[in-house]
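Here the structure comes first, spelled out in structure tokens, and everything after it is commentary.
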Amino acid sequence: MSRAPIGVFDSGVGGISVLRHIRTVLPNENLLYVADSKYAPYGNKSPEFIRERAVFLADFLIAQGAKALVVACNTATAAAVETLRERYDLPIIGMEPAVKPAAAATKSGVVGILATVGTLKSAQFAALLESYGQSVTVVTEGCHGLVECIERGELATKETRTLLEGYLQPLLDGRVDTIVLGCTHYPFVRPLIEEIVGNEITLIDTGAAVARQLQKRLAEQDLLADAGKVASVAFWTNNEAVDAEQVIKQLWGDEVKIQQL
Ligand code: DGL
């Protein structure tokens with residue numbers, strides 16, 4: 001079982017930002033990644049639709065032999081992680097916007113959160129704010145259209161910059177000193193965000209914490225792969241709109257072989 005792969009999925013290519021942290025923290029693990037890009041963005045879909053997709057993708061990854069699942073998507077975690085945990089008996093790691101670390105880090109007392117509209121509207125996000133956001137002012141922005149740019153591999157085009165400037169301005173006006181990247185696609189435009197907001201503002205991404213949590217869960221269940229083995233990574237996508245191999249290669253940072261989902 002410990003040689004079995006870890007299954008990771010997202011609405012699209014965003015979860016590759018998490019996959020990169022997983023590869024760093026767990027270099028001996030075989031990794032499977034599914035990008036459900038044909039159905040991206042999830043951010044404007046109903047929770048029911050997202051749950052259906054999540055079950056389909058989890059079934060697929062488990063059929064490939066996954067020993068654990070990572071829902072590398074804030075939107076899908078909010079909509080579907082409970083359903084997945086009820087349904088499958090294996091470690092399932094989800095993720096949520098880093099409200100708690102941001103509330104701990106802010107000095108100005110104003111925190112900005114960039115996420116999908118689906119995440120911001122979810123009951124899970126309301127509960128997060130209730131638990132950890134009481135002591136600070138929170139400015140949220142649902143970033144319509146940004147995931148689509150990143151799905152096309154447009155990390156620094158004029159369109160992407162204009163969109164981001166529009167979403168970041170209310171945060172700057174609100175005098176945030178900390179910004180949470182509450183969607184796994186957004187770390188890929190971090191350099192552009194830094195250009196726009198300057199270097200006085202702290203950006204928080206949860207990818208590394210998710211990778212460490214995965215490592216902890218695997219260790220607890222004696223599921224870690226042995227050291228010293230060459231680990232593999234396999235990608236599946238159902239993207240028909242763009243050259244998926246090119247985009248995934250760009251985001252993963254290495255040659256990839258893509259299989260059709
Ligand atoms: N990457 C996803 C997230 O973390 C979802 C983006 C989308 O499909 O809207 O929320």
Side-chain angles (χ1 to χ4, degrees), residues 7-22 33-54 56-58 69-82 84 92-99 101-102 112-126 128 140-155 160 163-164 167 179-190 193 203-211 213-214 235-242 244 247-248 251-252 261:
V8 182
F9 74 85
D10 176 39
S11 64
V13 293
I16 294 172
S17 68
V18 181
L19 195 72
R20 289 173 61 143
H21 286 289
I22 294 174
Y33 184 90
V34 178
D36 198 24
S37 296
K38 186 173 169 184
Y39 298 96
Y42 281 0
N44 59 8
K45 308 284 192 309
S46 70
E48 294 72 28
F49 178 85
I50 297 168
R51 274 195 284 281
E52 249 175 59
R53 292 309 301 162
F56 173 82
L57 300 170
L69 295 179
V70 178
V71 185
C73 178
N74 296 266
T75 315
T77 298
V81 81
E82 276 172 34
L84 298 180
I92 300 177
I93 314 299
M95 56 196 300
E96 57 192 16
V99 176
I113 301 186
L114 303 178
T116 69
V117 171
T119 296
L120 297 177
K121 279 200 326 213
S122 69
Q124 286 76 2
F125 184 70
L128 253 187
T140 60
E141 274 296 315
C143 304
H144 277 298
L146 190 54
V147 162
E148 288 90 324
C149 292
I150 297 162
E151 284 291 312
R152 294 192 295 269
E154 294 171 11
L155 308 186
T160 309
L163 267 180
L164 267 173
Y167 294 131
I179 297 178
V180 173
L181 306 182
C183 165
T184 55
H185 282 72
Y186 304 166
F188 288 118
V189 288
R190 186 178 182 129
I193 295 174
L203 302 182
I204 303 188
D205 155 29
T206 34
V210 169
Q213 175 67 8
L214 171 65
F235 291 92
W236 282 265
T237 179
N238 47 15
N239 199 341
E240 290 154 6
V242 296
V247 173
I248 291 177
L251 302 181
W252 178 240
L261 180 63

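Just so you know, these numbers use all the heavy atoms, side chains as well, and skip hydrogens, waters and symmetry mates. Atoms within each ligand, like the ligands themselves, are counted from 1 in listed order.
By the 4.0 Å heavy-atom criterion, Gly14 is excluded from the residues contacting ligand 1.
Ring-plane geometry between Tyr42 and Phe49 is classed as perpendicular, the angle between the planes exceeding 60 degrees on a 0 to 90 degree scale with a lower cut at 30.
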*In sequence, state the C-alpha distance, the side-chain angles, and the governing distance for Leu251 and Leu155, and then conclude on side chain to side chain contact (heavy atoms under 4.5 Å, CB included).*
CA-CA 10 Å; Leu251 302 181; Leu155 308 186; 3.8 Å; yes
*May I have the step-by-step check of side chain to side chain contact (heavy atoms under 4.5 Å, CB included) for His185 and Val13, ending in yes or no?*
CA-CA 7 Å; His185 282 72; Val13 293; 4.3 Å; yes
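Here the side chain of Asn74 pairs a donor or acceptor atom with the backbone of Gly182 at under 3.5 angstrom. Judged purely by atom type and a 3.5 angstrom limit, Lys38 has no side-chain atom pairing as donor or acceptor with the backbone of Leu261. Proximity of a side-chain donor or acceptor of Thr160 to a complementary backbone N or O of Glu154 within less than 3.5 Å is detected.
Considering only non-hydrogen protein atoms, atom 7 (C) of ligand 1 sits nearest to Tyr42 N, 3.3 Å. At the top of the distance list for atom 9 (O) of ligand 1, counting protein heavy atoms only, stands Gly43 N, 2.8 Å. For atom 2 (C) of ligand 1, the closest non-hydrogen atom of the protein is Cys73 SG, 3.2 Å.
Inclusion of Asn74 in the set of residues having an N or O under 3.5 Å from an N or O of ligand 1 is warranted.
Smallest separation of non-hydrogen atoms from His144 and Leu163: O-CD2, 3.8 Å.
For Asp10, every heavy-atom contact with ligand 1 shorter than 4.0 Å involves the side chain, none the backbone. Contacts between Thr116 and ligand 1 below 4.0 angstrom, taking non-hydrogen atoms only, involve the side chain exclusively. Here Ser11 has side-chain heavy atoms under 4.0 Å from ligand 1, and that is the only part of it that gets that close. Contacts with ligand 1 closer than 4.0 Å are made by side-chain heavy atoms of Val147 only, the backbone lying farther away.
Side-chain rings of Trp252 and Phe235 approach one another, their centers coming within less than 6.0 Å.
Atoms of ligand 1 found under 4.0 Å from any heavy atom of Thr75 (numbered from 1 in listed order, with element): 3 (C), 5 (C), 10 (O). Less than 4.0 angstrom separates some heavy atom of His185 from each of these atoms of ligand 1: 1 (N), 2 (C), 6 (C).
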